[in-house]
Number of protein chains: 2
Amino acid sequence: MTSLPARCCAPIAAGRLDDSQAQATAEVFKALADAHRVKILNLLANSREPVCVCDITDSMELSQPTVSFHLKKLVSAGLLNREERGTWSYYSIDGDALKDLDRIFQTKERTRTR
Amino acid sequence: MTSLPARCCAPIAAGRLDDSQAQATAEVFKALADAHRVKILNLLANSREPVCVCDITDSMELSQPTVSFHLKKLVSAGLLNREERGTWSYYSIDGDALKDLDRIFQTKERTRTR
DNA sequence: ACCGTTCATCGACGTTTATCAATGAAAGGA
DNA sequence: TCCTTTCATTGATAAACGTCGATGAACGGT
């Protein structure tokens, strides 16, 4: 495991990945490898509007610093976007990232429409 | 995070998950949250035949116990199948698991054809 | 100019993880 | 019956991770 960064989400089942692709893929999965982060992603994936940290915190049984910690991981992985409005921070799903991810488990024999 | 086990792979963007679904989803991502395991999965997803531990080990820069450790995690997550042949163990992708996973990032507005 | 709210970061802590060398179990020859 | 090969498990260790309370920065209202 030596190579340098690659972009995420080459399909796993449609040809061999090199080390750097495997690494990039693992980074994204690491961001999702926690039930609290899955909940956050799910919350934001199902909300039309961006959501502030306070509301995310209210919806989880975690302290605010811990929520911020998880949010940071999700942003770093490219899954969320962060937007400041005055004292507030609003977070939202990155739709493009989601679209990329939606290709990752595709198998060779499969196609997709609209 | 209190609830009991659920089965994996409810779509993240098509409605809210309860705690146990989020937990189940995170478990699968945990199994994928390591570059070596992504490589193993990729190797097996692209090989027609099951592959023995020795050949998997040869293809990676890891000791055999460490490879077995990773294989165990992937089997526990339901992503791989294990099959014994004499002294050998052969591993292969679980096609159904892969199919389930392929739905996890689907968005509401999307359909799929073969 | 003050105060309250919102949020990120820091420091500390306990837990989980990845790794290897050593060991052990089971099968297949010679 | 012994030796070799294959693989899983164990024990040890270092690194990464999730969590919280405390702190501090920035904004907005009074």
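Remember, predicted model here, so these are calculated numbers, not experimental data. Throughout, a chain's letter reflects where its sequence line sits, starting with A, and its residues are numbered from 1.
Residue A:Arg85 is classed as having no contact, given no heavy-atom separation below 4.0 Å to the nucleic acid. Using a 4.0 Å heavy-atom cutoff across all strands shown, A:Tyr91 reaches sugar-phosphate atoms only and no base atom.
The two residues A:Arg82 and A:Ser89 come nearest to each other via the heavy atoms NH2-OG, 3.1 Å. The nearest pair of heavy atoms linking A:Leu62 to A:Thr57 is O-CG2, 3.7 Å.
Under the 3.5 Å distance criterion, with hydrogens and angles disregarded, no donor-acceptor pair is assigned to the side chains of A:Thr25 and A:Gln21.
Residue B:Thr66 places no side-chain N or O under 4.0 Å from the OP1 or OP2 atom of C:dT19. Look at B:Ser89 and you'll find a side-chain N or O under 4.0 angstrom from OP1 or OP2 of D:dA8.
Rounded to whole angstrom, the span from the CD atom of B:Glu84 across to the C1' atom of D:dT6 amounts to 11 Å.
Taking every side-chain heavy atom of B:Pro65 into account, C:dA21 is the closest of C:dA21, C:dT17, C:dA26. Closest to the A:Trp88 side chain, of the nucleotides C:dC7, D:dT9, D:dC7, is C:dC7. The side chain of B:Thr87 lies closest to C:dG28, out of C:dT19, D:dG18, C:dG28.
Ring geometry, A:His70 versus A:His36: the interplanar angle falls from 30° to 60°, so the pair is classed tilted.
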